[in-house]
Asks: 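Before I ask anything, here is the structure I am working with.
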Amino acid sequence: MKSNSLASNSLVSPRRIGDDTCGPLALGCWRLTNPDTSYTLRLLETALEEGMTLIDTADVYGLDFGGSGFGGNEEILGLAFAEAPSLREKFLVATKGGIAPPVPYDSSRKYLTQACEESLRRLQVDVIDLYQIHRPDFYAHPCDLAETLEGLREAGKIRHIGISNFTPNQHDALSTCLSEPLATTQPEFSAAVLTPMRDGTLDRCMAQGVTPLAWSPLAGGRLATGEGVRPELIEVLDRLADREGTDRIAVALAFVLAHPSEPVAILGTTKPERLRTATAALQVSLDRNDCYDIIEASEGVPLP
Ligand SMILES: NC(=O)c1ccc[n+]([C@@H]2O[C@H](COP(=O)([O-])OP(=O)(O)OC[C@H]3O[C@@H](n4cnc5c(N)ncnc54)[C@H](OP(=O)(O)O)[C@@H]3O)[C@@H](O)[C@H]2O)c1
């Protein structure tokens, strides 16, 4: 191994979700507002063929991108599962609750218990494989939240517990009250947004065996279009893509996957063909120099 090589296999190795595993790339459903079930089925079948066995959605998805409103995107998935029940069994289905418009965040027991029931109904599943708190509710005591989540698990409504957009301290506060480590945490993480690498989020993951699920791994498409991203970052990604004989998307995703916390990158595309081409990321070989080049270009300053 070259001295600047990264740990082998971290790009392709299966990711742990509690005592389950999933592929390093996952299908995100925030933008999946197309109500045509045959389209959803095509997207799900493509994801499966490409080894993407985790689906991430949220009860609040449906309010953006021309969706039908709160719960709309869960309903779209539910219709697909109802039409192809065997497909549901092949995925880990992850959803989120705790954003309760017009209330920004509600992680009270009363609200979450009802929200979880409604997600189960819309998704047309018997159990949610991974239930995540979408954003922290500053007015929920972490031990009350832990009791609520463990109650849902004991009742057989959810299998694994995750969080999203929690600070490392909020993560610790909840973890301390839980009887076992969280399965996942979901921060925004991409070559353009390095916060979890620096604020302790990914360190917590490695210390506690928690799998990070990276949302917006292409910065919501900005790494594809180049809009609102430092030109020097695009140049470095393009240079590495040329060397690897691939495209910038693959290099940007490989950067996320190469972190030793072994993140899952949640892809947000709604196009089956883009799900297929994204798997080129698993063939990209980045070393330490490449990753630090990306970090310096992303931050716009040399590392000290
Ligand atoms: N926990 C949270 O608070 C939170 C917040 C945001 C997102 N998420 C999760 O993360 C998932 C991904 O987020 P995201 O949608 O922002 O992810 P992303 O993969 O960073 O961005 C996807 C966007 O990039 C566009 N895009 C343009 N060119 C592309 C190309 N060549 N390949 C792939 N995509 C291209 C896609 O358009 P096309 O559809 O036209 O391909 C889509 O609009 C969501 O679905 C959701 O599950 C979670």
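In each ligand, atom 1 is the first atom listed, and ligand 1 is the first ligand listed. Numbers here are sequence positions counted from 1. Note that these values count all heavy atoms, side chains included, but never hydrogens, waters or copies made by symmetry.
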Asks: What protein heavy atom sits nearest atom 10 (O) of ligand 1, and how far away is it?
Replies: W215 CB, 3.4 Å

Asks: Hey, is ligand 1 close enough to C29 that some N/O pair sits below 3.5 Å?
Replies: yes

Asks: Say whether E188 and S216, considering side chains only, have a donor N or O and an acceptor N or O under 3.5 Å apart.
Replies: no

Asks: Can you report which non-hydrogen protein atom sits closest to atom 26 (N) of ligand 1, along with the distance?
Replies: R274 NH1, 3.7 Å

Asks: Only heavy atoms of G221, strictly under 4.0 Å: list the atoms of ligand 1 that pass.
Replies: 20 (O), 21 (O), 23 (C), 24 (O), 25 (C)

Asks: For ligand 1, is there an atom lying under 4.0 Å from some heavy atom of H134?
Replies: yes

Asks: Going by side chain to side chain contact (heavy atoms under 4.5 Å, CB included), name the residues that satisfy it together with L79, two or more places apart in sequence or in a different chain.
Replies: T37, Q124

Asks: Under 4.0 Å from ligand 1, counting heavy atoms only, is it the side chain of A224, its backbone, both or neither?
Replies: side chain

Asks: Select the closest option to atom 41 (O) of ligand 1 among T270, T225, T269, N165, judged by heavy-atom distance.
Replies: T269

Asks: With heavy-atom distances below 4.0 Å as the criterion, list the atoms of ligand 1 near A219.
Replies: 20 (O)

Asks: With a cut-off of 4.0 Å, which atoms of ligand 1 are near a heavy atom of D56?
Replies: 9 (C), 46 (C), 47 (O)

Asks: Tell me whether L267 has any N or O atom under 3.5 angstrom from an N or O of ligand 1.
Replies: no

Asks: Around atom 33 (C) of ligand 1, find the nearest protein heavy atom and jot down its residue, atom name and distance.
Replies: L218 CD1, 3.5 Å

Asks: Show the atoms of ligand 1 that are less than 4.0 angstrom away from any heavy atom in G28.
Replies: 45 (O), 47 (O)

Asks: Atom CG of N165 and atom OG1 of T185: how far apart are they, to the nearest 0.5 Å?
Replies: 8.0 Å

Asks: What's the separation between atom CH2 in W215 and atom CD in Q186, rounded to the nearest 0.5 Å?
Replies: 8.5 Å

Asks: Side-chain contact test, heavy atoms from C-beta onward, threshold under 4.5 Å: evaluate it for L25 versus E50 and give yes or no.
Replies: no

Asks: Are T95 and E74 close enough that a side-chain donor and a side-chain acceptor fall under 3.5 Å?
Replies: yes

Asks: Can you confirm whether the side chains of E150 and S179 place a donor and an acceptor under 3.5 Å from each other?
Replies: yes

Asks: Check each atom of ligand 1 against the heavy atoms of I249 and keep those under 4.0 Å away; list them by number with element.
Replies: 30 (C), 31 (N)

Asks: Need the ligand 1 atom indices (1-based, order shown) with element for anything under 4.0 Å from a heavy-atom of K96.
Replies: 1 (N)

Asks: What I want to check is whether the side chains of R15 and S13 have a donor and an acceptor closer together than 3.5 Å.
Replies: yes

Asks: Considering only protein heavy atoms, which is closest to atom 19 (O) of ligand 1, and at what distance to one decimal place?
Replies: G268 N, 3.1 Å

Asks: Could you tell me if the side chain of M52 sits less than 4.5 Å from the side chain of L275, heavy atoms only?
Replies: yes

Asks: May I ask you to identify the nearest protein heavy atom to atom 1 (N) of ligand 1, giving residue, atom name and distance to one decimal place in Å?
Replies: S164 OG, 2.8 Å

Asks: Run the salt bridge (Lys or Arg N to Asp or Glu O under 4.0 Å) test against R274 and tell me which residues pass, sequence neighbours left out.
Replies: none

